[in-house]
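Structure, as structure tokens:
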2 protein chains.
Amino acid sequence: MAATIRDVARLAGVSPSTVSRALSLPGMVNATTRARVAAAVEQLGYEPNRAARGLITGRTGTIGLVVPDLANPFFASLTKGVQARARHHDVAVFVADTDEDPAAEAGLVRALSKQVDGVVLCSPRASDEELAAIAQDTTVVLVNRTAVGLPGVAYDNEDGMRQAVAHLVALGHRRIAWVGGPATSWSTQHRGFGLRNAVEALRAELAPVGNFAPTYEGGMAAADQVVATGATAVVAYNDLVAIGLLARLHSRGISVPGDLSVVGVDDIAMSRMARPALTTVRLPKQEAGRIAVELLLAMLDDPDSAAEGPKHGELHGELIVRDSTGPAPQK
Amino acid sequence: MAATIRDVARLAGVSPSTVSRALSLPGMVNATTRARVAAAVEQLGYEPNRAARGLITGRTGTIGLVVPDLANPFFASLTKGVQARARHHDVAVFVADTDEDPAAEAGLVRALSKQVDGVVLCSPRASDEELAAIAQDTTVVLVNRTAVGLPGVAYDNEDGMRQAVAHLVALGHRRIAWVGGPATSWSTQHRGFGLRNAVEALRAELAPVGNFAPTYEGGMAAADQVVATGATAVVAYNDLVAIGLLARLHSRGISVPGDLSVVGVDDIAMSRMARPALTTVRLPKQEAGRIAVELLLAMLDDPDSAAEGPKHGELHGELIVRDSTGPAPQK
DNA sequence: GATGAGTCTGCAATCGGTTGCAGTTTGTGT
DNA sequence: ACACAAACTGCAACCGATTGCAGACTCATC
């Protein structure tokens, strides 16, 4: 059995209260007794029982993370960031995966909320209202999106799209296709908006081809429609979609970047390995997880400041140019 | 504030003990009072506080999962499986990522062990002795490997390699190269062993080219050595390595499968998207996570049976033939 | 030497449940 | 009608910590 605070107290010849204080409020106890306690702690390898502490303090030292799909490399990186940062603060992370089922989110968060101090929620599809309802149960920080009234960390999609378009326009492209992700996805909306602005500012033209699943298959499905637009370049919702495009274009004998330039978003590991290697807007994924944790812990430590209004984090993407973009073909 | 057992008791007009029993030992309480309690629970939305329960029962209802790298799709899938199965049993999962640092494992498990009932440990590199030491702290189930004296779930690597070799030999290959992963990795050892046996049984010849990092870069680094062996086919430690091979072979102008056939192991999502699509031994990754959880929970529910000797799970791979393997070239 | 302030330390209550034991009720057999 | 067992239910202790409050001690000051 693990040592309890009483064991330590007995060994050090003091009361449990003193041990407790020696550990959490060192200033309140005499240096010599503090040393005796420290020695006893050391000797017994004592570590406070978190459940017992949580019972009285109301804090569990644990946060939750809810993501749509752990097998998606984007969310895996996010999780890695959350996890690393949490450990740095000596906070444990419950990870839950909704299996891309937005309906499961509310229930999951509710179940988690009893066991954690707060949750980092990655919910690209839920509406603002649904999120607000979820946030009733516990302290929530959104990640990879924003919603009115809730704290969150998101990417500046407008800026990322501007970089992509500037790159393509500089290469001589004038007509740019856009393969959107799920219509309800926050990122789809913001990227589409950013593209329209950027394209307009640079006197180019946007050819949206609709909404597709944010997957390899989605990209395969979109490819022929992209070709039909007559665009010389295409921006895909994310890298998985872009890689799907690449595959279908290849099998149709369309050269990338000779006939068509392709740009993705995310910069997942796979993008570097694609053929041709994918030009993409790199999003700092782990960083988003880290910041979300910082935001959450800050809110928990200081609920007053949290009440003043939701805090936000904003992250910027960076265009990584590889081999899937090149000069527009001379017609 | 959340409702406590006392609130429920008051509303139902019974004592807290009765409420507790009505929920956990329904047989012990009268049907009508049980109904009254149930109604009160419903009305208040009561859920027992796990920390409080854990304090007295000694069970936290939580397990830990330690993996080398969440961003590696193999481990991500594993995590997904663990997580799904645990939720099915209403058990929460702490996920921790060692960032490929085997030295961190022991510390992590020790830290986790105070907060969980047991841990699923994925530690490909640690020695049997190190694992035994770690298992002192808490109930441990290994995954993706075995070690004497410890329960675990692992793949039948010999069988997987046999399938791969049989496929290659049927295609006319006689000299098969083998790109190993980290020398200390359990899977490297078992796959190498399985290959030697299979090759011998089928009167072919094995050309090992040494040990490489289990990554895309590792595969790139191994490619030229593979070519130098004069083999007409190569089995790679895993899919990432195989995809690295593909990339380097492509840039050297070596045709796959025309000049050289390539086989991977794992069947990660990326393999289907590689060019050519990768022939690989598919390992049921989520299944491994699920079984590990079942094993762990069974040990926790019935410590006696656990003492009888470690239980093991064994999973089989399945050869998925795609486009990276073909008939051996006529010399 | 008594007084008062200041520092430490310990007592005991508390968090929200679970469970051994004893008491109450109900039902059965005679 | 009575004894006795069976079936429920409640009391109170307990899990391992934290913390308000009060007591004990030290030390300086008058």
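Numbered from 1 within each chain, the chains take letters A, B, ... in sequence-line order. Because the structure is predicted, anything quoted here is derived from the model rather than measured.
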task: Mind running side chain to side chain contact (heavy atoms under 4.5 Å, CB included) on A:I5 and A:S20 for me, showing each step along the way?
output: CA-CA 7 Å; A:I5 201 171; A:S20 174; 3.8 Å; yes
query: Using 4.0 Å as the upper bound for N to carboxylate O, is an ion pair formed by B:R87 and A:D99?
result: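 Not counted as a salt bridge, because no side-chain N and carboxylate O are separated by less than 4.0 Å.
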message: Please determine whether a side-chain nitrogen of the Lys or Arg among A:R125 and A:D101 lies less than 4.0 Å from a carboxylate oxygen of the Asp or Glu.
response: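 A salt bridge is absent here (no side-chain N lies under 4.0 Å from a carboxylate O).
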task: Please name the residue in the list B:V153, B:L283, B:D156 that meets the side-chain contact (heavy atoms from CB on, under 4.5 Å) test with B:L315.
output: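 When B:V153, B:L283, B:D156 are each tested with B:L315, the side-chain contact (heavy atoms from CB on, under 4.5 Å) holds only for B:V153.
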message: Do B:T60 and B:R53 make a side-chain contact, defined as non-hydrogen atoms from C-beta onward lying under 4.5 Å apart?
response: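 Side-chain contact under 4.5 Å: no.
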query: Going by atom types only, do A:E105 and A:S123 share a side-chain donor-acceptor pair under 3.5 Å?
result: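 Short answer, yes.
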message: Let me confirm one number: the CD1-OG distance from B:I134 to B:S113, rounded to the nearest 0.5 Å.
response: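 So the CD1 of B:I134 and the OG of B:S113 are separated by 10.5 Å.
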- request: Under the side chain to side chain donor-acceptor pair (under 3.5 Å) rule, collect the residues that match up with B:H316, sequence neighbours excluded.
  value: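 Checked B:H316 against side chain to side chain donor-acceptor pair (under 3.5 Å); matches are B:D159.
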Atom pair distance, as rounded to whole Å: CD1 in B:I5 and P in C:dT18: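 Checked: the CD1 to P distance equals 5 Å.
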- request: Find the distance A:R53:CZ to C:dG16:C1' and express it as a whole number of Å.
  value: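 It is 18 Å, rounded to the nearest whole Å.
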query: When you list every nucleotide of DNA chain D with an atom under 4.0 Å from a heavy atom of chain A, which one comes first 5' to 3', and which comes last?
result: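 The footprint of chain A covers D:dG16 to D:dG20.
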task: Could you encode protein contacts along nucleotides 5-15 of chain C as a string, one character per nucleotide from 5' to 3', using B for base contact, S for sugar-phosphate-only contact and - for no contact, with a heavy-atom cut-off of under 4.0 Å?
output: ---SBBBB-BB
